[in-house]
Amino acid sequence: MYHYIEVKLLDNQNNSRKTEQHSTKGPEKKKIFLTINVVIRVLQSLFVFAVVVLLLGGALGLGIGMGYFAFLVEDTQPPTKEELQTEISDISEVSRMTYADGTNIAMIKSDLVRTRVDSEHISPLLKKAIISTEDEYFEEHNGVVPKAVIRALVSDATGIGGSSGGSTLTQQLVKQQILTDETTFKRKANEILLAYRIEKYFSKDEIVTTYLNVSPFGRNNKGENIAGVEEAAKGLFGKNANDLTLPQAAFIAGLPQSPIIYTPYSNTGALKDDENMAYGMKRKDFVLFSMYREKAITKEEYEAAKNYDLKQDFQPQQESNQNTQGYLYNAVLEQATNVVMDINIEKAGVKKETLDDLGLSQYKDQARKEIQNRGYTIQSTIDQTVYDTMQNAVATYGYMLDDGYGAGLVETGNVLMDNKTGRIIGFVAGRDFNVSQSNHALDTLRQVGSTIKPISVYGPAIDQGMVGSESRLANYPTSYRSGDELTNATNSGTNTFDTVRHSLEWSYNIPVYHLNEAMKAQMGDDNFAYNNYLSKMNYPANDGWAYESAPLGSIEATVLTQTNGFQTLANKGQYQKGYMIDKITDNSGKVIYEHKDAPVQVYSEATASIMNDMMRSVLDSKITTPFKNMINGLNPAFGNVDWVGKTGTTDAYKDAWLVVSTPTITLGSWTGYDNPTAMSPNSGDQNSAYLANLANAIYSVRPDLFGAGEKFTLSKDVIKSTVSSFTGEKPGTFTYNGGTYTAPGPNVESFYAKDGAPKSQYKFGYGGSDANYSAYWGRYATPKTPSSSTPPSSSEKKEEKKKEDDKKENSTPTSSGNSN
């Protein structure tokens, strides 16, 4: 037992030693395992903590980011769909002007040439090209690619990574049309907000179509800056945007990134050299590769398009806007600008007459920019055939106006107007645009001479019933109230009482002066003619209308205004304002403006018909103009055209006028030097010869305009009074100052617009002193012996006319204010 116990003890001791041995190695292992376990647990805890921190931090960052985003866009009022539609589609488009038949005159010059097209008119290849290159996720995103935005923001903030972009097509559209290019977080935040908004309201096709319509595409073959794919397709390849080949579409799609670098044209429209052309070609290849990468095209299509020699497709250089430097372009643009200006003033609720020069200038600038940038079509009234014929005629016959009296070129201005509507069919603005850019037909103000007499004196006086066609007016030597002598063009007075018709035929100054003074006194208004007649025909307001010299033509007006005045008489007394703009439409065909007749009855129909009857006598008598002989000599067909008209010259023959009408058209003509200097005393005849050739040239291409076979006739309400040829009043016997007088015959017919002829009286005419009447009655009648009174015989009349012809032939320039 002892042994057993000993052995047991020994075994225990051995085991104990073993245990001790084991216990020596065990703590080391445990420490290692414990350390590893602790590390793992710590790492796990740290990871969990980090994840929690990141989640909390991310949430916090997201919250802060969202808060900051909200702060950045708090001033941005989310636009409605309609507002967005307006803003993203608000682009400047090229406008054009046309002749009356719709044929183009010219495209209107603008800083940027652009034409909008619908989606179906844009090649699908072009859409695929722009999407593959500019926005590969276009069909998937909602306006913004978040990771691209974050990358762009980090790059912008740190400067690391270079220019990373990050804008979708939608964002680029926002930046082009709504926001600016400034690189601020606020702008970027607004860009994102608006991009999401656009994607909410518009389809992908609408967005890419709008982008292609608004983006810049460099220059065309005229050197013009262009925008929109339609102008790019036409300007580079002479095609519409829906007809492009793959390499052509790829080249155009590459342009928006750097339009001026990649465009094949210089600012003159010439093709760039190979070195500079290479930039655009490399860009085209990149676009093709992008399309291949995005599986928009096959490898075979990619290879074929890349190897195609695209340079052969580029349009050759062309001259830009060939018709924009000339009278017609400038005139149509000016007239259209005035039309749009008036529309805008009316829309603003402003009265035009209350605007000062600055205010008018601002509205005019606004109208001009609108016309240049809104894609308008401006349809003029100009007949292309007539206009071209008139330009050829002035080039061919303008030499007839030259006389060597002054320095430089004798200029002319002509307007051809339709009587019924006021439509300007054609015009001549000058002899040579390179010599003088002044529009002598529409803009230049010149003294009107005697052409004003039918408009401002004879017409109103007949209209008021003051005179008839055979009423008599004093034509004795006379002075103005200032004491200055008033003379006729060929004499200082005929020392008789001349009829209204005779005075008009000879274009006498003294009789019309007396009639005008009598009219002002009788109506109690020194500005009677202007206030009641001329203002209705848009003659310019001028204090000079009240001057004694006004009926002699000292007032200034344009050829257009004068032509319009005669149009009124030729149109039965009804004024139709001369106009050149028939219609203005926008690019969708919506009518922005359309001319509407606004007739104004200025003279009674009776008055107008009487004036035309007397102005026929002016041309038929050939006293002041040989026009009738010349026009008939040029073309026998003119024998069937009823012509009426009036001449006018001013002091020292600085201006020569002739305005003629047929029942359907009126044609006005002025000649003179730009710097008013004397012309030849024959300048009137020279103007007549030129106008006859001009009319003949127009007749050769548009004979239908002249109303051949139609006649000016007296209206039914004209009062035809039988009057004594001696007094111009009703025949009869009367007593005056104790004497008995009988108005001698023969009797003639005098035309009145109202009331008819009064009974004969001693002082039967306007103007003239007691001595003048005494001499006149004494020559042809003796009191108490009326039977011995006889009117001037036909031989006496012929002798008088011969003397006046001789005086006219030998005449010299008269004093200021006198005119024919």
Side-chain angles (χ1 to χ4, degrees), residues 458 461-462 464-478 488 491 493-506 508 510-515 517-519 521-522 606 610 613-614 617 621 714 718-804:
Y458 289 118
I462 288 176
Q464 294 300 317
M466 291 179 62
V467 292
S469 60
E470 308 308 317
S471 298
R472 294 214 169 234
L473 303 170
N475 198 352
Y476 291 86
T478 305
N488 299 317
N491 55 57
T494 59
N495 292 308
T496 189
F497 287 87
D498 287 307
T499 66
V500 168
R501 186 185 297 273
H502 184 78
S503 297
L504 183 63
E505 289 172 355
W506 282 87
Y508 288 142
I510 296 172
V512 78
Y513 163 79
H514 287 307
L515 181 57
E517 289 299 300
M519 182 167 59
Q522 186 167 317
I610 293 169
D613 183 81
M614 293 198 298
S617 296
S621 70
L714 294 171
V718 168
I719 300 171
K720 301 176 181 178
S721 295
T722 299
V723 299
S724 159
S725 60
F726 183 78
T727 64
E729 297 180 342
K730 288 181 178 178
T733 300
F734 61 90
T735 60
Y736 175 78
N737 200 23
T740 301
Y741 296 80
T742 297
N747 295 335
V748 295
E749 198 170 51
S750 184
F751 304 137
Y752 280 81
K754 60 188 298 188
D755 300 336
K759 293 181 179 179
S760 282
Q761 53 190 327
Y762 183 79
K763 292 187 176 181
F764 48 79
Y766 291 107
S769 64
D770 289 342
N772 297 151
Y773 279 100
S774 177
Y776 186 77
W777 280 102
R779 179 180 177 186
Y780 301 113
T782 302
K784 299 181 181 179
T785 56
S787 60
S788 64
S789 302
T790 57
S793 64
S794 58
S795 60
E796 287 177 316
K797 287 183 177 180
K798 289 180 180 178
E799 181 63 25
E800 178 190 354
K801 186 175 185 302
K802 182 177 184 303
K803 288 180 181 179
E804 297 213 32

Verdict with reasoning, F497 to F726, per ring-ring contact (aromatic ring centres under 6.0 Å, His included) | CA-CA 9 Å; F497 287 87; F726 183 78; 8.9 Å; no
Q) With distance as the sole test, does T478 use its side chain to make a donor-acceptor pair with the main-chain N or O of Y476 at under 3.5 Å? A) yes
Practice problem: Kindly say whether A757 contributes a backbone atom to a donor-acceptor pair with the side chain of S721 at under 3.5 angstrom? | Solution: yes
Paired with N475, the side-chain hydrogen bond (donor to acceptor under 3.5 Å, both in side chains) test is passed by just one of N495, N488, N772, namely N488
Sorted by chain and number, sequence neighbours left out, salt bridge (charged side-chain N to carboxylate O under 4.0 Å, His left out) with E517 holds for R481, K520
Subject >> side-chain hydrogen bond (donor to acceptor under 3.5 Å, both in side chains) between Y752 and S471, worked out >> reply: CA-CA 10 Å; Y752 280 81; S471 298; 3.1 Å; yes
The ring pair (Phe, Tyr, Trp, His ring centres under 6.0 Å) partners of Y766 (sequence neighbours excluded) come to none
Would you call the rings of H502 and W506 parallel, tilted or perpendicular if under 30° counts as parallel and over 60° as perpendicular? tilted
Exercise. Parallel, tilted or perpendicular: which describes the rings of F764 and Y776, with under 30° parallel and over 60° perpendicular?
Worked result: tilted
Here the gap from M614 atom CE to E470 atom CD, rounded to the nearest 0.5 Å, amounts to 8.5 Å
Note to self: Please evaluate residues K759 and E729 with respect to the criterion side-chain contact (heavy atoms from CB on, under 4.5 Å), reporting the C-alpha separation (whole Å), side-chain torsions for both, the decisive distance (0.1 Å), and the verdict.
What the structure shows: CA-CA 6 Å; K759 293 181 179 179; E729 297 180 342; over 6 Å; no
Original post:
Is it true that the side chains of S774 and D770 contain a donor and an acceptor less than 3.5 Å apart?
Top reply: no
Do you see a donor-acceptor pair shorter than 3.5 Å between the side chains of R501 and S617? yes
Sequence neighbours excluded, the answer for ring pair (Phe, Tyr, Trp, His ring centres under 6.0 Å) partners of F734 is Y741, W777
Correct closest heavy-atom pair for G768 and A474 would be N-CB, 3.4 Å
*Side-chain donor-acceptor pair under 3.5 Å between T727 and S760, yes or no?*
yes
Is the backbone N or O of G765 less than 3.5 Å from a side-chain atom of Y773, with the two atoms forming a donor-acceptor pair by type?
yes
Main-chain N/O of P744 paired to S724 side chain as donor or acceptor, under 3.5 Å: yes
NZ of K720 to OG of S469, rounded to nearest 0.5 Å, is 10.5 Å
